[in-house]
Amino acid sequence: MTSRKPGRTLVDRRMMLASAGALTLSGLAPRAARAQSGPSAAAAAAAADPAPLVPTAQFNAAFEKIVGGGTPIEGGVTLELPEDAENGNIVPYKINIESPMTEADHIARVHLLSTQNPQASVATFHFTPLSGKAAVSGRMRLAKTQEVVAVAVTSANTLLVARTIVNVGIGGCGTE
Amino acid sequence: MAASKPRVRLPERIETGQTIEVKALITHVMETGNRKDSEGRPIPRNIIHTFTARYEGALIFKAELGSGIAANPYLSFFLKVPGPGELLVSWQDDDGGETIERYALNVA
């Protein structure tokens, strides 16, 4: 399968490598490469290239929009996901932020972002003092191995960030 | 297509001031909009895009969901119960379906 389309595979790999530093990877290029060159070649490429962990341009834009001119603080947010997810269609996530959840000091919202899915923004959760606790859990889709990012925004507009890498077996998002 | 009834799980006995966990499970396809049918035509996105929970009219939790949420969405969130009252859970999907469910809380 690989031998029939050697040119295509080379072009895609070059694209992936070229864009690795520039952070302009569309997110569709590696998927196209995978579809064209078959799973074994894609796995080899994934092992050899740092490309799978380069965030999509869409993620970078979404992250910038949330952060604005502010400086996010790494930590303060617990983002729990399995280290290995065999099925990318159903991946449990759990977000928890320690907060007094008073009118004056509470978590206003949490953005859940994917660095490799076709759509970077997975969900935005809004909390109020009535929530009592800034915690949410559910199940998400992951198209492939990637970093998942949670950004919490406090009532004082402080930004807290957590990141977790998940190894995905079969990709979700129904793009294959 | 209206979304089906959710399964909402609440503690059986609740005391005023207690922070309780609310678990909601909704049966919904959550079609991503990224897939194509057998003839190569894109299948339009149909997801629950907004989920809201209110207690006696006051907002306690709201989720804006994208296509990265798994089918049959499950959400667990919390409510600090200010006293006896009614929990209202509602959500909207891309097909224009809106579902509203009410739960009276058994507050001691």
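Chain naming here is simple, since letters A, B, ... match the order of the sequence lines and numbering starts at 1 in each.
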Does [X], at its [atom1] atom, have more than 12 non-hydrogen atoms belonging to other residues, nucleotides or ligands within less than 6.0 Å?
| X | atom1 | answer |
| --- | --- | --- |
| B:Arg9 | CZ | no |
| B:Glu56 | CD | yes |
| A:Glu83 | CD | no |
| B:Gln18 | CD | yes |

Can you name the side chain to side chain contact (heavy atoms under 4.5 Å, CB included) partners of B:Asn106, sequence neighbours left out?
-> none
What residue, out of [options], has the most heavy-atom pairs lying under 4.5 Å from chain A?
| options | answer |
| --- | --- |
| B:His49, B:Glu31, B:Met30 | B:Met30 |
| B:Val81, B:Val22, B:Thr52, B:Leu65 | B:Leu65 |
| B:Ile60, B:Ile43, B:Asn72 | B:Ile60 |

Closest heavy-atom pair, B:Ala70 versus A:Arg141, reported as atoms and distance to 0.1 Å, is CA-CG, 3.9 Å
Can you name the closest pair of heavy atoms from B:Asn34 and A:Pro118 and give their distance?
-> ND2-CG, 3.5 Å
With side chains defined as the heavy atoms from C-beta onward, is the minimum distance between A:Val136 and B:Leu75 less than 4.5 Å?
-> yes
Does any non-hydrogen side-chain atom of A:Arg109 lie less than 4.5 Å from one of B:Lys62?
-> no
What part of A:Thr124 gets closer than 4.5 Å to chain B, counting heavy atoms only: side chain, backbone, both or neither?
-> both
Please check if the side chain of A:Ser131 supplies one atom and the backbone of B:Leu79 the other of a donor-acceptor pair under 3.5 Å.
-> no
Atom pair OH/CD1 of B:Tyr74 and A:Ile90 - distance to nearest 0.5 Å = 13.5 Å
CG (A:Leu130) and CZ (B:Arg54) are apart, to the nearest 0.5 Å, by 11.0 Å
Applying a strict 4.5 Å limit to non-hydrogen atoms, the region of B:Thr19 in contact with chain A is side chain
Does any heavy atom of chain A fall under 4.5 Å from the side chain of B:Ala71, the backbone, both, or neither of them?
-> both
List the steps, then state whether side chain to side chain contact (heavy atoms under 4.5 Å, CB included) holds for B:Leu25 with A:Arg139.
-> CA-CA 11 Å; B:Leu25 181 64; A:Arg139 302 179 299 214; 3.5 Å; yes
Residues in ring pair (Phe, Tyr, Trp, His ring centres under 6.0 Å) with B:Phe77, at least two apart?
-> B:Phe51, B:Phe61
Return the option, out of A:Gly138, A:Ala123, A:Ser137, with the maximum number of heavy-atom pairs under 4.5 Å with chain B.
-> A:Ser137
According to a 4.5 Å side-chain heavy-atom criterion applied to Ile, Leu, Val, Met, Phe, Trp and Tyr, with indirect links allowed, do A:Leu112 and A:Leu81 form part of one hydrophobic cluster?
-> yes
Examine A:Val77 and B:Phe78 and state if one hydrophobic cluster contains both, with Ile, Leu, Val, Met, Phe, Trp and Tyr joined whenever side-chain heavy atoms are less than 4.5 Å apart.
-> no
